[in-house]
Number of protein chains: 2
Amino acid sequence: MPSASASTIVFEQPCPIRDVLDRIGDQWSLLVLEALAQRTKRFNELHREIGDVSRQMLSRTLKRLEEDGFVSRTVYAEVPPRVEYALTDLGRSFLGPMQQLVEWADANHWAICQARLQARAKQRN
Amino acid sequence: MPSASASTIVFEQPCPIRDVLDRIGDQWSLLVLEALAQRTKRFNELHREIGDVSRQMLSRTLKRLEEDGFVSRTVYAEVPPRVEYALTDLGRSFLGPMQQLVEWADANHWAICQARLQARAKQRN
DNA sequence: CAGTATCCGATGCGATACTG
DNA sequence: CAGTATCGCATCGGATACTG
């Protein structure tokens, strides 16, 4: 358990869900987690697989996921360099709730689109 | 002002999960949905209950939730005006996955904070 | 009571170019 | 191969003031 002084820093987030949303609410984190759910992967492997993401954003995303303990980064002292990314236990434990979310999104995507169309139609009147 | 091609955007979403994350990934939507999960509420009621949110952002958040079909808005022709917000069927169907996410966040908030502290400690070395 | 208008700083993200 | 540096635009979100 954290000490009293540490806890004042650690718990400055008033709402736990913010930690999670700040991490997965961005453009790429979820796609990265999904890609790593299968197995450990390398940087350019992820880059090819996700496709749309720039190296810049993939790098930032991985760094934040690593900082927050979702992903581990292992560097092998080789030439050319090899870096492997994998889910941590924390990251794997997140796959469950995440999958629920993804399934809901798949099932209700069209309903959301319909609602948007109706809202826009109403606005034009 | 919306651009001329705005309506085309609706169908340009390649990935369903983006619709969901764009909606709940923001600062306030989830809190609003939680507040409305109990029962229908009025604008200032939500404002008082959520507390930190400005009228500005509460208004925007509710509008987006309404546009995406999560929330319904009913205006009663009275003086003073009364406006009630409620979850739609779509909004209610989202409570399940959302609760999963919130529970995971509660359970793992501490682990995330720990990971952040360790990452920061590593950076200082 | 239930909002909207305006301004402004912080952050997100892409494009491009460069590096060990 | 695996990144980082820099630039620039768009969006997010708070503060404040105003409105029907």
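In the text below, chain A, chain B and the rest are named by the order of the sequence lines, each starting its count at 1.
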Examine distances only and state if a side-chain atom of [X] and a backbone atom of [Y] form a donor-acceptor pair shorter than 3.5 Å.
X       : Y       : value
B:Ser59 : B:Arg55 : no
A:Arg23 : A:Ser29 : no
B:Arg18 : A:Gln27 : yes
B:His47 : B:Val53 : yes
B:Thr61 : B:Trp28 : no

Between A:Ser54 and A:Pro81, which residue's closest nucleotide on DNA chain C lies nearer the 5′ terminus?
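Nearer the 5' end of the strand: A:Ser54.
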Residue mapping more 5' on DNA chain C - nearest nucleotide basis, A:Val53 or B:Lys63
B:Lys63
Taking the nucleotide of DNA chain D with the closest heavy atom to each, which residue, B:Gly25 or A:Arg42, is nearer the 5' end?
A:Arg42
So which one's nearest nucleotide on DNA chain D is more toward 5', A:Tyr85 or A:Arg60?
A:Tyr85
Can you tell me how far [atom2] of [N] sits from [atom1] of [X], to the nearest Å?
X       : N      : atom1 : atom2 : value
B:Met57 : C:dT11 : CE    : C1'   : 14 Å
A:Arg55 : C:dT16 : CZ    : C1'   : 12 Å
A:Arg23 : C:dT11 : CZ    : C1'   : 13 Å
B:Leu21 : C:dG12 : CG    : C1'   : 15 Å

If we fit an axis to the first five pairs and another to the last five of the helix from C:dC1-D:dG20 to C:dG20-D:dC1, what angle do they make, to the nearest 10°?
50°
Under 4.0 Å between a Lys/Arg side-chain N and an Asp/Glu carboxylate O for B:Arg82 and B:Glu84?
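Answer for the salt bridge query: yes.
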Salt-bridge contact B:Glu49-B:Arg42 (side-chain N to carboxylate O under 4.0 Å)
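Salt bridge: no.
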So what does A:Glu78 touch, heavy atoms closer than 4.0 Å: a base, only the sugar-phosphate, or nothing?
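No contact.
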So what does A:Tyr76 hit on the nucleic acid, given a heavy-atom distance under 4.0 Å: a base, only sugar-phosphate, or nothing?
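No contact.
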5' to 3' on DNA chain D, which nucleotides open and close the contacts with chain A (atom under 4.0 Å from a heavy atom)?
D:dC1 to D:dT6
Looking at A:Gln118, I'd like to know if its CD atom is crowded, meaning that more than 12 non-hydrogen atoms belonging to other residues, nucleotides or ligands lie closer than 6.0 Å.
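Result for CD/A:Gln118: open.
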Group every Ile, Leu, Val, Met, Phe, Trp and Tyr by side-chain heavy-atom contacts under 4.5 Å, then state whether B:Leu65 and B:Val75 land in the same group.
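Per the 4.5 Å side-chain linkage, B:Leu65 and B:Val75 are co-clustered.
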